[in-house]
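Side-chain atoms are counted along with the backbone in the values below, which use heavy atoms only and exclude waters and symmetry mates. Remember, it's a predicted structure, so these values are computed and weren't measured experimentally. In what follows, chains carry the letters A, B, and so on, assigned in the order in which the sequence lines appear, proteins first and then strands, with residues in each chain numbered from 1.
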Protein chains: 2
Amino acid sequence: MARRNKHSLEEIREMVLDAAETIVINEGYSELTVRKIAMEIGYTVASIYMVFTNMADLAMHIKANTMDELTEQLQQLPRCAPERQIVELARAYLKFAVKNLNRWNMIFVQDTELPEWYRQKINLIFGLLEAQFALLAPGCSTQQSKLAARALWSGVHGICTLSLTDKLDIAGIDEVENTIVLLAENFINGWVSSILSVYQQQ
Amino acid sequence: MARRNKHSLEEIREMVLDAAETIVINEGYSELTVRKIAMEIGYTVASIYMVFTNMADLAMHIKANTMDELTEQLQQLPRCAPERQIVELARAYLKFAVKNLNRWNMIFVQDTELPEWYRQKINLIFGLLEAQFALLAPGCSTQQSKLAARALWSGVHGICTLSLTDKLDIAGIDEVENTIVLLAENFINGWVSSILSVYQQQ
DNA sequence: ACCTGAACACCGTTCAAGT
DNA sequence: ACCTGAACACCGTTCAAGT
């Protein structure tokens, strides 16, 4: 029953990736199995191993797609003053997480060591934040703006994870958004004034 | 080969829990299987289902133990002024996460709906923070201190997760601690001054 | 060369049967 | 009453064999 040349290897790879993404979106990462994918695309389980080395490899590529989409949405945000831009980035992050809950959750399931090309995607997102912090306090060192960006962004992420996995006793998305804005605005205020007070001492 | 009355059901339950915790500590949650536990305690797989309804139930109780230990360590911290106390709580949280990495990571693997008794354990920890925020700005509403506590604590948690799962490009634990302190101190400063400025307006 | 079928070594869970 | 043994319905992964 071997169906020769019906699809190229590249086509099969795309079909596998598409089917897998659909399963994750609709049912969550825990429901993703080789057998489900095979059924969906009309090939046998073994054929999936022709185009991905294993499930971890496939998962990595689904995550990469999600990261790319997220980055794109953050980059498409209208520009404004850094104080507001940072808050808007945080808001957009929450919005993406809510809209793509299952795929977003999957990003943070650690299965293996992160490859370098994936690590770069993470740094790309942090870079967007760092740039804003650099604008916010033009005199500060890159070390300082980098640390501030990582602190706040991780913080925003923490609120998203805990609230979206139902661990904060928070009612609706509006309250989650308020919490994020509260963290962002107060951190920014505190950070800017701490940088300024160092200047004044000099 | 049935070994009657060698252990009471309570004893078996304790043995299962102990063995399971040891496996999680040494190998991580993903390595925890019924068969491994059964092997370890010298009973068959089926006997585990006499004392726990299923693996999710067992996991829930391991998590509960971890939560209790964490709460205890946070409560045992020496008392000091709220600004510092909050930072010390955050530091202690990181310390616990590092020392109990596998068990701590397990807490945030969502398998099922959280039961009410477990939810209360989460709120207990948040309560410690809320109390400090209430002390910090005695005039603020409980709603305000609650929101602030949740914002900052989730933020601290976010830094812990991302750094300990190797997603922040952060070198050592010292830098993680610095990031946490940076978030906490600047958020507290920003928050206190925002509360004060409202008073001045009145 | 492309793809399959069937096996292998695992899972969690259940339950009739043994002592 | 306590516990087992064996089955059931799943996993991911591999590879000799078929076209």
A/Lys95 and A/Gln73 side chains, donor-acceptor separation under 3.5 Å:
no

What's the closest nucleotide to the side chain of A/Tyr49 if the choices are D/dT14, C/dC3, D/dC3?
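Within the option list, the nearest is D/dT14.
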
How about B/Phe187 and A/Trp191: are their ring centres within less than 6.0 Å of each other?
no

Filter on ring pair (Phe, Tyr, Trp, His ring centres under 6.0 Å), then keep only pairs touching residues 65-90 of chain A, sequence neighbours left out; what's left?
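The answer is none; no pair qualifies.
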
Spacing between [X] atom [atom1] and [N] atom [atom2], to the nearest angstrom:
{"X": "B/Asp57", "N": "C/dT13", "atom1": "CG", "atom2": "P", "answer": "10 Å"}
{"X": "A/Met50", "N": "C/dT4", "atom1": "CE", "atom2": "C1'", "answer": "10 Å"}
{"X": "A/Arg35", "N": "C/dT4", "atom1": "CZ", "atom2": "P", "answer": "14 Å"}
{"X": "A/Ile37", "N": "D/dT13", "atom1": "CD1", "atom2": "P", "answer": "10 Å"}

Base, sugar-phosphate, or nothing: which does B/Leu58 touch, judged by heavy atoms less than 4.0 Å apart?
nothing

With a non-hydrogen cut-off below 4.0 angstrom, is B/Ile48 in contact with a base, only sugar-phosphate, or nothing?
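Since no nucleic acid heavy atom lies under 4.0 Å of B/Ile48, the category is nothing.
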
Which parts of residues 19-34 of chain A get close to DNA chain D, meaning a heavy atom less than 4.0 angstrom away?
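When residues 19-34 of chain A is checked for heavy atoms under 4.0 Å from DNA chain D, the hits, listed by number, are A/Leu32, A/Thr33, A/Val34.
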
Qualifying side-chain hydrogen bond (donor to acceptor under 3.5 Å, both in side chains) pairs with a residue from residues 96-107 of chain A, counting only residues at least two apart or across chains:
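Every side-chain hydrogen bond (donor to acceptor under 3.5 Å, both in side chains) pair that includes a residue of residues 96-107 of chain A, provided the two are not neighbours, is A/Glu69-A/Arg103, A/Tyr93-A/Trp104, A/Asn100-A/Arg103.
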
Hunt down any stem DNA chain C takes part in, defined as 3 or more consecutive Watson-Crick or G-U pairs whose two distances are each under 3.5 Å.
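If one scans DNA chain C for consecutive Watson-Crick or G-U pairs, the stems found are C:4-8 with D:12-16, C:12-16 with D:4-8.
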
Got a list of protein N/O to nucleotides 15-17 of chain D N/O distances below 3.5 Å?
none

If the condition is side-chain hydrogen bond (donor to acceptor under 3.5 Å, both in side chains), which residues does A/Tyr49 pass it with, not counting sequence neighbours?
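Once residues adjacent in sequence are excluded, A/Tyr49 has no partner under the side-chain hydrogen bond (donor to acceptor under 3.5 Å, both in side chains) criterion.
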
